[in-house]
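The next block holds one structure in the form of structure tokens; read it before the comments.
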Amino acid sequence: MLDNMPPKSSETRKLNLDANVTKKDLKWAELGFQYHKTDYRFSAVHENGHWKDGALIGDEIIEIHEGAPSLHYAQQCFEGLKAQTAKDGRVVLFRPDLNSERMNQAATRLLMPEVPNEMFSQAIEETVRANYAWIPPYGSGASLYIRPMLIGEGENLGLNPAQRFQFRVFVSPVGPYYKEAGLAVISLAVSNMDRAAPNGTGSYKVGANYAGGLLATRKAQELGANEALYLDSAEGRYIDEAGSANIIIAMKGAKVITPLSDAILPSITRRSLMEIAARQLNMKIEERPIELRAEYTNFIEMGACGTAAVLSPVGRIWFDDSWHAVFEDGQTVGPIMQEMYDILVGIQKGDLADHYGWLHEVSI
């Protein structure tokens, strides 16, 4: 049945317990961060002021009207989270309630209907269960990336909100965001482009923020960096975030700081790492504006963090026409980032006790 018709919601649990449902024959440890078509995805439509019941479907193609506001005016938002296989066989998610909350904040900002938390949770769990064969096994270094998305559909021409919306969740097995497995040291190059304006949409996970950053990332890569690093658009002095990740910095005085700005995404990973730094590393934490050039010499270690990147130590930064090493030779992982990474990943994989109540188990 898994090779033909999508299972009904009530059948998913039974199907995945069936001994005939085996893992896909993939080289899990060699996966990169690319799309792999899986068997099922969840789709629900909002029309005439209310949500219709959603369902699992097999078709990965979305048919959309040429006048859809998501195509012309970027009326769309999305989320990203992962499902992991624990050593004891459990399938766990990391803080999915915060993804639901963040998506609804973006939806409200773009005049889109909020996705009820119950539907958001149902969609993720059903999609993960239906694609059980695609969840990487424990110890493979891979995970099942989950992409919830909300788009404005339907006939439209003027700059107006859509009359019809689709909420969809699809999944794909992925490896590390950067090529190196595990804790990879990366480099950042300060961009002369702005990511988002104050009071704009920078603090919302919407597609337009990312499309505008493609050129900045390309320019950073031409300098030999992995990503662009954005400074504030008002003065070009204070750190905002990297192209696809938030920033955390270990400072002199046993302190971990992170940028305070209305133009950056409220990262769930960053929020969790800051709590780990305070409660398990016994470090002072602070969220405040960080002036790169004035404070750089006080940096001990630096990291870029997010669902895809997890935590990637920043070894060096390009600014003022030269490279500046953050930690030692710019290629070594520092002890603070290493410990924060080990604790976070240990909790996410179920290897360490979850004293925070962050894990959500998907019944299989």
Side-chain angles (χ1 to χ4, degrees), residues 41-46 50-51 54 70 74-84 91-128 143-152 161 165-171 196 199-210 240-241 244-248 258-279 285 287 305-311 344 347-348 354-362:
R41 59 274 309 132
F42 181 96
S43 175
V45 169
H46 183 282
H50 68 275
W51 284 103
S70 59
Q75 193 181 27
Q76 52 101 319
C77 60
F78 67 97
E79 279 297 321
L81 62 159
K82 293 176 180 177
Q84 309 258 17
V91 174
V92 293
L93 310 173
F94 186 73
R95 311 190 78 173
D97 55 315
L98 297 185
N99 292 99
S100 174
E101 178 183 308
R102 192 169 62 181
M103 171 169 271
N104 283 335
Q105 290 170 349
T108 299
R109 177 65 175 81
L110 298 185
L111 293 182
M112 305 174 77
E114 291 190 1
V115 177
N117 181 261
E118 297 78 8
M119 176 180 285
F120 188 92
S121 299
Q122 171 198 353
I124 289 174
E125 292 204 14
E126 289 192 8
T127 307
V128 169
S143 58
L144 187 73
Y145 187 82
I146 306 166
R147 172 54 58 83
M149 54 187 285
L150 179 62
I151 62 175
F165 300 88
Q166 181 179 170
F167 170 58
R168 178 175 285 225
V169 176
F170 69 87
V171 298
N199 303 317
T201 59
S203 60
Y204 303 95
K205 200 168 179 66
V206 298
N209 291 339
Y210 295 84
D240 269 358
E241 63 176 281
S244 61
N246 276 187
I247 297 297
I248 59 172
T258 190
L260 175 64
S261 168
D262 292 332
I264 66 177
L265 188 72
S267 165
I268 296 167
T269 304
R270 180 184 68 159
R271 176 173 170 176
S272 305
L273 286 167
M274 294 296 282
E275 193 165 349
I276 288 170
R279 293 178 58 179
I285 61 171
E287 186 176 1
C305 59
T307 297
V310 188
L311 176 59
L344 177 67
I347 294 172
Q348 290 178 333
D354 176 22
H355 300 299
Y356 304 93
W358 288 343
L359 291 187
H360 175 85
E361 183 177 348
V362 178

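Numbers here simply count residues along the sequence, with the first being 1.
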To the nearest 0.5 Å, what is the distance between [atom1] ([X]) and [atom2] ([Y])?
X	Y	atom1	atom2	value
S121	E126	OG	CD	11.0 Å
D97	R102	CG	CZ	11.5 Å
L150	R168	CG	CZ	12.5 Å

**Study point:** Greater than 12 external heavy atoms within 6.0 Å of H50's NE2
**Key:**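 Yes - once you tally the heavy atoms of other residues, nucleotides and ligands closer than 6.0 Å, there are more than 12.
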**Study point:** Residues that S261 engages under side-chain hydrogen bond (donor to acceptor under 3.5 Å, both in side chains), provided they are two or more places apart
**Key:**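 For S261 the side-chain hydrogen bond (donor to acceptor under 3.5 Å, both in side chains) partners, ignoring immediate neighbours, are D240.
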Review point. In chain order, what residues pass the side-chain hydrogen bond (donor to acceptor under 3.5 Å, both in side chains) check against S70, with sequence neighbours excluded?
Key: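 Listed in chain order: nothing, the list is empty.
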A side-chain contact here means heavy atoms from C-beta on lying under 4.5 Å apart; do [X] and [Y] qualify?
X	Y	answer
N104	N117	no
N99	P148	no
R271	P266	no
I146	V169	yes
I124	F42	no
V128	V91	yes
F78	R147	yes
T307	I268	no

Please report the shortest heavy-atom distance between [X] and [Y], naming the atom on each side.
X	Y	answer
P259	I264	O-CD1, 3.6 Å
M103	F167	SD-CE1, 4.0 Å
F120	P96	CE2-O, 3.7 Å
I248	M274	CG2-SD, 4.2 Å
T269	G306	OG1-C, 3.3 Å
F165	G152	CD2-CA, 3.6 Å

Exercise for review: Would you mind listing every salt bridge (charged side-chain N to carboxylate O under 4.0 Å, His left out) that reaches into residues 261-270, with sequence neighbours excluded?
Suggested key: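 Pairs touching residues 261-270 that pass the test: R270-E287.
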**Study point:** Pairs satisfying salt bridge (charged side-chain N to carboxylate O under 4.0 Å, His left out), at least one member in residues 109-122, at least two apart
**Key:**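 Passing the test, one end in residues 109-122: no pairs.
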Exercise for review: Please list, chain by chain and in numerical order, all residues satisfying salt bridge (Lys or Arg N to Asp or Glu O under 4.0 Å) with R95, sequence neighbours excluded.
Suggested key: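 In terms of salt bridge (Lys or Arg N to Asp or Glu O under 4.0 Å), with neighbours along the sequence ignored, R95 is linked to no residue.
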**Study point:** Partner set under salt bridge (Lys or Arg N to Asp or Glu O under 4.0 Å) for E275, not counting sequence neighbours
**Key:**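 Checked E275 against salt bridge (Lys or Arg N to Asp or Glu O under 4.0 Å); matches are R279.
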Which residues pass the ring-ring contact (aromatic ring centres under 6.0 Å, His included) test with [X], not counting sequence neighbours?
X	answer
F94	W358
Y145	F33
H360	none

**Study point:** Results of side chain to side chain contact (heavy atoms under 4.5 Å, CB included) for V45 - residues two or more places apart only
**Key:**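 V45 satisfies side chain to side chain contact (heavy atoms under 4.5 Å, CB included) with E47, R164 once adjacent residues are dropped.
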Point to revise | side chain to side chain contact (heavy atoms under 4.5 Å, CB included) partners for S143, two or more places apart | key: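 If we apply the side chain to side chain contact (heavy atoms under 4.5 Å, CB included) test to S143, skipping adjacent residues, the hits are K82, Q84, V174.
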**Study point:** Polar side-chain atom of T258 near backbone of I247 as donor-acceptor pair, under 3.5 Å
**Key:**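 Side chain of T258 to backbone of I247: a pair is present.
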Review point. Counting N and O atoms only, with roles assigned by atom type, does the side chain of Q75 sit under 3.5 Å from a partner on the main chain of L110, one being a donor and the other an acceptor?
Key: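 The answer is yes, because a donor-acceptor pair under 3.5 Å joins these two groups.
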Practice item. Go through the steps to decide whether L98 and L81 satisfy the test side chain to side chain contact (heavy atoms under 4.5 Å, CB included), and finish with yes or no. Key: CA-CA 10 Å; L98 297 185; L81 62 159; over 6 Å; no
Could you pull out all donor-acceptor pairs under 3.5 Å where a side-chain atom in residues 202-209 meets a protein atom, sequence neighbours excluded?
| from | atom 1 | to | atom 2 | distance (Å) |
| --- | --- | --- | --- | --- |
| K205 | NZ | Y210 | OH | 3.1 |
| N209 | OD1 | T201 | OG1 | 3.0 |
| N209 | ND2 | T201 | O | 2.7 |
| N209 | ND2 | Y204 | O | 2.8 |

